[in-house]
Amino acid sequence: MNRPVLLVIAHGSRDPRHAATVQALVRRTGALRPGLRVETAFLDFNLPSVPGVLDRLAADGVREVVALPLLLTRAFHAKADIPAVLRQAPPSLNIRQAEVLGPSPLLIAAVERRLYEAGLAPGDKSATGVVLASAGSTDPEAIAVIAETARELRRTGWCSVRPAFASAALPRTEDAVRALRAEPGVRRVAVAPYVIAPGRLPDRIATGAAEADVLADVLGPSPELARLLLERYDGAHAARRPAARTGLAS
């Protein structure tokens, strides 16, 4: 039996670094699973579009698709935008929407990888405060997941971890940096962008990290993220929950 096509759906951005990073992550994911067809589509700003890719898959005779939101939390895009566009797919396609990427221990590992690549070492943990800086959301569920992720990162041994947001929620990155400076035992402050690809909001995080000692890179095409995409794909494939056209399951 042919495996379903993995369709990775990213938000898209006017910043060309965004699409390039997404494509690099998708290529890395495909390299981990030879023989699996992996496609990329964007909700906005970039091509190919989701409808365009779905039409092409149907024309190719594909019947099974796992649509994977390239999102760290279940906010508006995962709950509304993506299901809406998938409902417009050609009727010959059987589409299952996979879970979003977070929360996951693999994301914690990817954040730590970027912190170490930025110059920190495991021995620095006990004296380093970390700002886990995400894009932000108005969705309470998404905010709660970011807060829990910060707590999980703290449990790995960092002196302190505070969540921050580039938009839609508080605190901002710069305020979290200053708050960590005032905490007992914190001798250095690092900012870890909890975002997948570069763009306007990650740039805002970088600006807010001006007073930090260390600024890590975005998660990007890290090996942990590539493994996580396949983990979410396998979970959706194993569940075999065909989504009704009137309300795709996730």
Side-chain angles (χ1 to χ4, degrees), residues 10-11 13 15 17-18 21 69-78 100-120 122 124-220 222 224-225 228:
H11 181 271
S13 170
D15 189 322
R17 298 173 298 167
H18 176 91
T21 301
L70 196 63
L71 301 168
L72 298 176
T73 60
R74 269 181 50 79
F76 184 79
H77 294 307
V100 297
L101 301 181
S104 169
L106 286 169
L107 289 171
I108 299 294
V111 168
E112 292 201 301
R113 171 185 291 274
R114 296 305 188 217
L115 287 167
Y116 297 150
E117 289 173 348
L120 294 171
D124 298 325
K125 281 186 169 185
S126 62
T128 302
V130 177
V131 177
L132 187 71
S134 76
S137 174
T138 57
D139 189 303
E141 179 185 350
I143 297 299
V145 167
I146 298 298
E148 178 56 29
T149 301
R151 287 190 289 270
E152 288 297 324
L153 183 61
R154 167 69 182 83
R155 293 183 187 111
T156 68
W158 298 96
C159 182
S160 181
V161 179
R162 287 176 176 255
F165 307 93
S167 68
L170 296 174
R172 295 288 182 258
T173 302
E174 54 269 34
D175 296 325
V177 168
R178 295 181 189 121
L180 281 174
R181 288 272 185 224
E183 286 195 23
V186 174
R187 294 201 291 272
R188 70 180 64 78
V189 175
V191 173
Y194 193 61
V195 293
I196 293 171
R200 178 176 57 88
L201 294 179
D203 283 350
R204 189 178 295 174
I205 290 170
T207 299
E211 296 179 19
D213 302 296
V214 174
L215 172 61
D217 200 357
V218 298
L219 300 177
S222 65
E224 294 84 3
L225 214 56
L228 181 54

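By convention here, the first residue in the shown sequence is residue 1.
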**Request:** May I have the step-by-step check of side chain to side chain contact (heavy atoms under 4.5 Å, CB included) for Leu115 and Thr128, ending in yes or no?
**Result:** CA-CA 11 Å; Leu115 287 167; Thr128 302; over 6 Å; no
Report yes if some heavy atom in the side chain of [X] is under 4.5 Å from a heavy atom in the side chain of [Y]; otherwise report no.
{"X": "Ser137", "Y": "Phe76", "answer": "no"}
{"X": "Pro193", "Y": "Leu215", "answer": "yes"}
{"X": "Leu132", "Y": "Thr149", "answer": "yes"}
{"X": "Leu225", "Y": "Leu107", "answer": "yes"}

Closest approach of [X] to [Y] (non-hydrogen atoms, all atoms of both residues):
{"X": "Leu106", "Y": "Glu224", "answer": "O-CB, 3.4 Å"}
{"X": "Pro163", "Y": "Phe165", "answer": "CB-CZ, 4.3 Å"}
{"X": "Val195", "Y": "Ala135", "answer": "CG1-N, 3.8 Å"}
{"X": "Ala164", "Y": "Ala176", "answer": "CB-CB, 3.9 Å"}
{"X": "Pro103", "Y": "Val145", "answer": "CD-CG1, 4.2 Å"}
{"X": "Arg204", "Y": "Ser167", "answer": "NH1-CB, 3.8 Å"}

Once you round to the nearest 0.5 Å, how far does [atom1] of [X] lie from [atom2] of [Y]?
{"X": "Leu120", "Y": "Arg188", "atom1": "CG", "atom2": "CZ", "answer": "6.5 Å"}
{"X": "His11", "Y": "Leu201", "atom1": "NE2", "atom2": "CG", "answer": "9.5 Å"}
{"X": "Ile205", "Y": "Glu174", "atom1": "CD1", "atom2": "CD", "answer": "10.5 Å"}
{"X": "Leu228", "Y": "Leu101", "atom1": "CG", "atom2": "CG", "answer": "5.0 Å"}
{"X": "Tyr194", "Y": "Ile146", "atom1": "OH", "atom2": "CD1", "answer": "5.5 Å"}
{"X": "Glu141", "Y": "Thr73", "atom1": "CD", "atom2": "OG1", "answer": "8.0 Å"}

[Y] backbone acceptor or donor facing [X] side chain under 3.5 Å:
{"X": "Thr207", "Y": "Asp203", "answer": "yes"}
{"X": "Arg114", "Y": "Ala118", "answer": "no"}
{"X": "Ser160", "Y": "Arg154", "answer": "no"}

**Request:** Output, in order, the C-alpha distance, side-chain angles, deciding distance and verdict of side chain to side chain contact (heavy atoms under 4.5 Å, CB included) for Leu153 and Glu112.
**Result:** CA-CA 8 Å; Leu153 183 61; Glu112 292 201 301; 3.9 Å; yes
**Prompt:** Do NZ/NE/NH1/NH2 and the carboxylate oxygens of Asp175 and Arg178 come within less than 4.0 Å?
**Reply:** yes
**Asked** Between Glu183 and Arg162, is there a side-chain N and carboxylate O pair less than 4.0 Å apart?
**Response** yes
**Request:** Could you walk me through whether Val218 and Ile196 pass the side chain to side chain contact (heavy atoms under 4.5 Å, CB included) test, one step at a time?
**Result:** CA-CA 6 Å; Val218 298; Ile196 293 171; over 6 Å; no
**Asked** Run the side chain to side chain contact (heavy atoms under 4.5 Å, CB included) check on Arg181 and Asp213 step by step: do they pass?
**Response** CA-CA 10 Å; Arg181 288 272 185 224; Asp213 302 296; 2.9 Å; yes
**Request:** Could you go through the salt bridge (Lys or Arg N to Asp or Glu O under 4.0 Å) check for Arg113 and Asp217 one step at a time?
**Result:** CA-CA 10 Å; Arg113 171 185 291 274; Asp217 200 357; over 6 Å; no
